[in-house]
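Each remark here refers to the structure printed beneath this line.
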Amino acid sequence: MVRIVLPDGKVLERPEGVAVIDVLRDIGPRLARDAVAARVNDELVDLSTRLSQPEVRLSAVMLDSPDGLFVARHSCAHVMAEASCSLWPQTKLVYGPPVEDGFYYDIDLDHSLTPEDFPAIEARMAEIVKEDRPFTRYEMPRGAAMAKLLAEGNEYKVDNAERATGDVLSFYVTGTRDSGCFEDLCRGPHVPSTGRVGAFKVVQVAGAYHHGDASKKMLQRVYGTAWPTRKDLDAHLKRLEEARKRDHRRLGQELGLFTIDPLVGSGLVLWKPRGAVMRHALECLMREELLRRGYQPVYTPHIGRLDLYRTSGHFPYYRDAQFPPLYETDRARILNELWIATYERADGQSLGARELQLLDELRSADRGLYDQLMGAGASAGAGERLAQGPDGREHNLRLIRQLLQHSDGFLLRPMNCPHHIRIFAADARSYRDLPVRLAEFGTVYRYEQSGEISGMTRVRGFTQDDAHIFCTSEQLQQEIADCVDLTKHVLKLLALDDFRVRVGLRDDSDKYVGSRENWAKAEAAVRDAVRHSGMPYTEERGEAAFYGPKIDFVVKDCIGREWQLGTVQCDYNLPERFDLRYTGADNREHRPVMVHRAPFGSLERFCGILIEHFAGAFPVWLSPVQAVVCTVSERSAEYGRGVFELCRQAGLRVELDDSPERIGAKIRAATLAKVPYILVIGEQEAAGRQVNVRTREGAQLGSCSVPEFLVACAQEISSRAVSTARGPVESPKPA
RNA sequence: GCUGCUGUAGCUCAGUGGUAGAGCACGUCCUUGGUAAGGACGGGGCCGUGGGUUCAAUCCCCACCAGCAGCUCCA
């Protein structure tokens with residue numbers, strides 16, 4: 001017998017081998033009819049599953065529950081796969097899991113699918129759904145199953161089977177077993193029949209690498225969405241459409257905030273006046289906070305010598321993500337390329353072909369330098385010869401760097417830290433000076449892959465609200481905690497409360513610098529700080545910076561893509577690479593620790609996210625235009641111009657619309673421009689020396705005097721009152 | 001970077017193997033109008049760039065550039 005414990009605590013006893021569906025039927029016919037799957041103990045299973053353990057917990061899974069949708073979407077992926085195989089018999093199926101809001105199926109197909117194919121796929125799916133064939137599971141011993149898959153000749157399924165665990169592999173037939181119906185290697189579970197997958201739609205197709213490996217073949221990934229009912233599907237499609245309306249690329253265009261011009265360059269943001277206003281407001285906010293928290297502003301240039309980045313490790317670590325170096329001279333270019341070729345040569349190998357070629361180039365470009373390098377000239381000592389042997393790598397790297405002292409290349413800076421480090425190093429530092437906190441809105445340049453560039457969120461030139469803290473290891477804990485606090489503070493101020501915290505740690509790859517001990521200390525410090533902050537967080541291996549672990553604040557944009565905003569990073573390694581020191585209380589030299597941190601992250605990305613967060617309807621303190629004076633007719637225009645001037649003198653960002661349009665059109669224009677306050681000025685207002693206040697939400701707040709309005713605005717602005725597009729909008733309350 | 005799609009007026013988009021259209025925006029004029037669109041007229045286009053096919057290319061083919069979606073990457 002099997003003891004079956006139901007969610008309400010009731011216990012049923014049934015013979016061993018009883019099917020879940022039969023148990024549900026005994027509980028209630030409607031339950032049995034509506035369930036799409038079941039949870040047995042903690043496992044999701046088919047309704048046809050037979051119970052064999054002596055005691056189990058059992059609950060029915062309904063289509064409209066998260067579990068039910070997960071199962072139905074997976075089943076829907078099978079239906080889509082069957083449709084594809086039916087339309088294009090050469091389709092090779094790869095992998096088709098449920099995902100948030102839907103599912104996808106990766107396929108290998110010579111015909112490249114376009115949205116024009118979707119109606120045919122959907123039509124075929126609808127037929128399969130209408131046939132309402134059962135999902136029938138059958139199992140085979142691993143050996144037999146592998147033989148079957150090999151015979152079928154789909155190398156992807158063979159690969160999937162090899163990766164699957166267990167002695168038994170399962171298949172699902174949409175129909176009865178051996179009926180010749182579509183079947184697929186699959187772990188399951190599935191809904192009882194194809195009629196139960198809900199309302200679906202094929203939404204897009206795009207490329208995807210097999211196993212996410214860029215060196216592997218590119219497959220076609222067909223995305224679908226599925227919901228319990230047609231109504232739910234429509235609501236989802238509607239939500240997507242609404243989300244697209246708040247896309248910062250669209251709103252940035254519509255509201256005139258920024259533009260990106262191919263003539264200037266891909267991924268380079270041009271801030272138009274209105275966008276610049278909101279960025280400036282954010283910068284002011286941050287400056288106030290930094291001064292309050294003991295930071296010191298600095299300014300540094302946007303480029304630096306290559307040798308700076310050799311010291312830091314940025315060059316050549318991230319060379320393919322950097323704009324190519326600027327070279328003063330051809331000999332600097334050749335020497336640099338020689339340095340890179342030498343650097344990339346594995347230890348213990350002799351000079352490579354590239355090195356020899358560059359040496360040839362150097363000989364014809366600059367014989368003197370060549371002789372110096374090769375030791376043939378009279379001035380060169382034997383020790384300066386370019387070492388040919390297997391152990392010459394380190395020697396040659398040093399030698400080339402030495403020769404580059406005369407004329408080097410420059411790099412558009414990919415990060416600000418090396419410049420700030422050199423400011424720290426410029427003075428003798430005592431422990432009494434620490435922590436030193438150097439802050440700068442520092443613009444950096446990274447050569448992002450062309451396919452990655454997107455609006456303001458992924459660009460090639462951006463400004464970080466950056467700062468570097470140099471402190472003792474005793475101070476480290478508090479400094480990290482303060483940075484986390486600052487980041488939380490600004491996110492809260494902007495009502496950006498939908499973020500997650502990610503602690504990025506190193507993995508075993510070779511992209512990290514520094515010793516294990518340094519990393520262990522840094523990771524402990526970061527983990528400790530975030531734990532003390534009380535925020536939920538996830539630890540992710542392989543997400544660290546190359547010099548240290550970090551705490552990232554990650555938000556989603558309006559179409560669900562995740563972006564890193566604020567970051568706090570702990571670094572024992574760059575102080576070592578730059579040989580930073582301070583004098584301790586013991587009058588001995590000590591190594592400081594660094595914290596890299598940027599609460600906004602990049603102003604470009606942050607503003608992009610803010611645009612979407614507020615759907616362009618910024619709080620008054622951030623609004624590019626805070627009020628528009630709209631005159632009703634020429635008769636009130638002069639008074640209107642006076643009101644405009646008064647507002648402007650009071651420091652309000654105000655515009656005047658005294659055009660010959662009708663008042664309705666002016667209000668419409670101001671509303672669409674999402675200006676928070678519209679001041680309607682007619683003869684009545686002129687007679688009473690008042691303004692009539694209307695909000696972009698359409699509320700008419702009545703009339704008040706100009707000073708009253710200005711005081712209310714000033715209060716709203718100085719308090720940095722925030723209302724999101726979702727929530728209610730606070731307004732001044734004119735009399 | 002990879003796969004696919006797209007590129008026509010400032011913006012959103014029609015369109016055709018015989019050198020182009022709409023709406024919005026913009027300009028001028030008329031209208032003096034009270035809380036989301038008053039009317040008339042007008043200016044504006046190397047049809048992304050470079051090659052090719054063709055008597056003829058915005059349209060067909062190729063390459064490049066740029067944008068979009070996804071994948072991969074992201075200090």
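Hydrogens, waters and symmetry mates are skipped; everything else that's a heavy atom, side chains included, is used.
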*In whole Å, what separates the C1' atom of B/rG43 from that of B/rG34?*
33 Å

*5' precedence on RNA chain B between A/Gln700 and A/Asp213 (nearest-nucleotide basis)*: A/Gln700

*asked:* Name the residue from A/Tyr512, A/Phe546, A/Tyr547, A/Tyr309 that meets the ring-ring contact (aromatic ring centres under 6.0 Å, His included) definition with A/Tyr317.
replied: A/Phe546

*Below 4.0 Å: OP1/OP2 of B/rG1 and any side-chain N or O of A/Ser450*: yes

*By centroid distance (under 5.5 Å) and plane angle (under 30°), are A/Tyr318 and B/rA75 in a stacked arrangement?*
yes

*Looking only at atom P, what distance separates B/rG15 and B/rU28, rounded to whole Å?*
34 Å

*Report which part of the nucleic acid A/Val680 touches: base, sugar-phosphate, or nothing (heavy-atom distance under 4.0 Å, all strands).*
base

*Base, sugar-phosphate, or nothing: which does A/Ile667 touch, judged by heavy atoms less than 4.0 Å apart?*
base

*asked:* For the C1' atoms, the ones on B/rU16 and on B/rC73, what distance do you get once it is rounded to whole angstrom?
replied: 43 Å

*With A/Arg502, which residues qualify under salt bridge (charged side-chain N to carboxylate O under 4.0 Å, His left out), at least two apart?*
A/Glu543, A/Asp552

*asked:* Mind checking if A/Gly212 touches a base, just sugar-phosphate, or nothing, with heavy atoms under 4.0 Å?
replied: sugar-phosphate

*With a 4.0 Å cut-off on heavy atoms, is A/Pro115 in touch with a base, just the backbone sugar-phosphate, or nothing at all?*
nothing

*Determine the Euclidean distance between corresponding P atoms of B/rA63 and B/rA9; express it in Å to zero decimal places.*
25 Å

*Taking atom P in both B/rU6 and B/rC74, what distance in whole Å separates the two?*
31 Å

*Could you tell me whether A/Phe709 and A/Tyr677 have their ring centroids closer than 6.0 angstrom?*
yes

*Between A/Arg221 and A/Tyr104, is NZ or CZ placed under 6.0 angstrom from the six-membered ring centre and within 45° of the ring axis?*
yes

*Partner nucleotide, any strand, of B/rG4 [Watson-Crick/G-U, under 3.5 Å]*: B/rC68

*What nucleic acid atoms does A/Gln464 come within less than 4.0 Å of, heavy atoms only: base, sugar-phosphate, or nothing?*
nothing

*When you check the phosphate oxygens OP1 and OP2 of B/rG39, does a side-chain N or O of A/Arg662 lie under 4.0 Å from one of them?*
no

_Both conditions, 6.0 Å and 45 degrees, for the charged tip of A/Arg500 above the ring of A/Tyr537: are they met here?_
no

*Which nucleotide sits closest to the side chain of A/Asn692: B/rA36, B/rU35, B/rA75?*
B/rU35

*Between A/Gly682 and A/Tyr445, which is nearer to the 5' end of RNA chain B once each is assigned its nearest nucleotide?*
A/Gly682

*asked:* Please determine whether a side-chain nitrogen or oxygen atom of A/Arg561 lies at a distance below 4.0 Å from atom OP1 or OP2 of B/rG70.
replied: yes

*Would you say B/rG34 has OP1 or OP2 under 4.0 Å from some side-chain N or O of A/Ser633?*
no

*Tell me the partner of B/rC29, counting only Watson-Crick (N1-N3 plus N6-O4 or O6-N4) or G-U wobble (N1-O2 and O6-N3) with both under 3.5 Å; none if nothing fits.*
B/rG39

*asked:* Are A/His248 and A/Gln253 packed together at the side-chain level, in the sense that at least one heavy-atom pair is separated by less than 4.5 angstrom?
replied: no

_Can you tell me if A/Lys511 touches the phosphate of B/rC74, counting only side-chain N or O atoms and a distance under 4.0 Å to OP1 or OP2?_
yes

*Is B/rG10 paired to anything, Watson-Crick or G-U wobble with both distances less than 3.5 Å, and if yes, which nucleotide?*
B/rC24

*Taking atom P in both B/rG50 and B/rC55, what distance in whole Å separates the two?*
23 Å

*For B/rC73, the Watson-Crick or wobble counterpart (both distances under 3.5 Å)*: none

*Which is true for A/Tyr547 with a 4.0 Å heavy-atom rule: it touches a base, it touches only sugar-phosphate, or it touches nothing?*
sugar-phosphate

_Need the pair for B/rA63. Rule: Watson-Crick or G-U wobble, both distances under 3.5 Å, any strand; none if unpaired._
B/rU49

_For a quick check of understanding: with a heavy-atom distance under 4.0 Å over all strands, which category does A/Ala321 fall into, base, sugar-phosphate or nothing?_
base

*Would you classify A/Ile559 as touching base, sugar-phosphate or nothing, given that sugar-phosphate means primed atoms plus P, OP1 and OP2, and contacts are heavy atoms under 4.0 Å?*
sugar-phosphate

*asked:* For the C1' atoms, the ones on B/rG45 and on B/rU8, what distance do you get once it is rounded to whole angstrom?
replied: 8 Å

*Would you classify A/Leu672 as touching base, sugar-phosphate or nothing, given that sugar-phosphate means primed atoms plus P, OP1 and OP2, and contacts are heavy atoms under 4.0 Å?*
base

*Considering Watson-Crick and G-U wobble pairs with both distances under 3.5 Å, what does B/rC55 pair with?*
B/rG18

*Touch check for A/Gln253, heavy atoms < 4.0 angstrom, all strands: base, sugar-phosphate only, or nothing?*
sugar-phosphate

*Is A/Arg249 near enough to B/rC68 that one of its side-chain N or O atoms lies under 4.0 angstrom from OP1 or OP2?*
yes

_Any base atoms under 4.0 Å from A/Thr671, or only sugar-phosphate, or nothing? Heavy atoms, all strands._
base

*Heavy atoms under 4.0 Å, any strand shown: does A/Arg221 hit a base, just sugar-phosphate, or nothing?*
sugar-phosphate

*Where do A/Leu255 and A/Lys674 come nearest, in terms of heavy atoms and distance?*
CD2-CG, 4.1 Å

*Report which part of the nucleic acid A/Glu661 touches: base, sugar-phosphate, or nothing (heavy-atom distance under 4.0 Å, all strands).*
base

*Considering only side-chain heavy atoms of A/Gln204, which listed nucleotide, B/rC71, B/rG70, B/rA75, is closest?*
B/rG70

*Scan A/Gly664 against the nucleic acid and name what it touches under 4.0 Å (heavy atoms): base, sugar-phosphate only, or nothing.*
sugar-phosphate

*Are the side chain of A/Asp106 and the backbone of A/His210 linked by a donor-acceptor contact shorter than 3.5 Å?*
no

_Any A/Arg597 side-chain nitrogen or oxygen under 4.0 Å from OP1 or OP2 of B/rA75_ = no

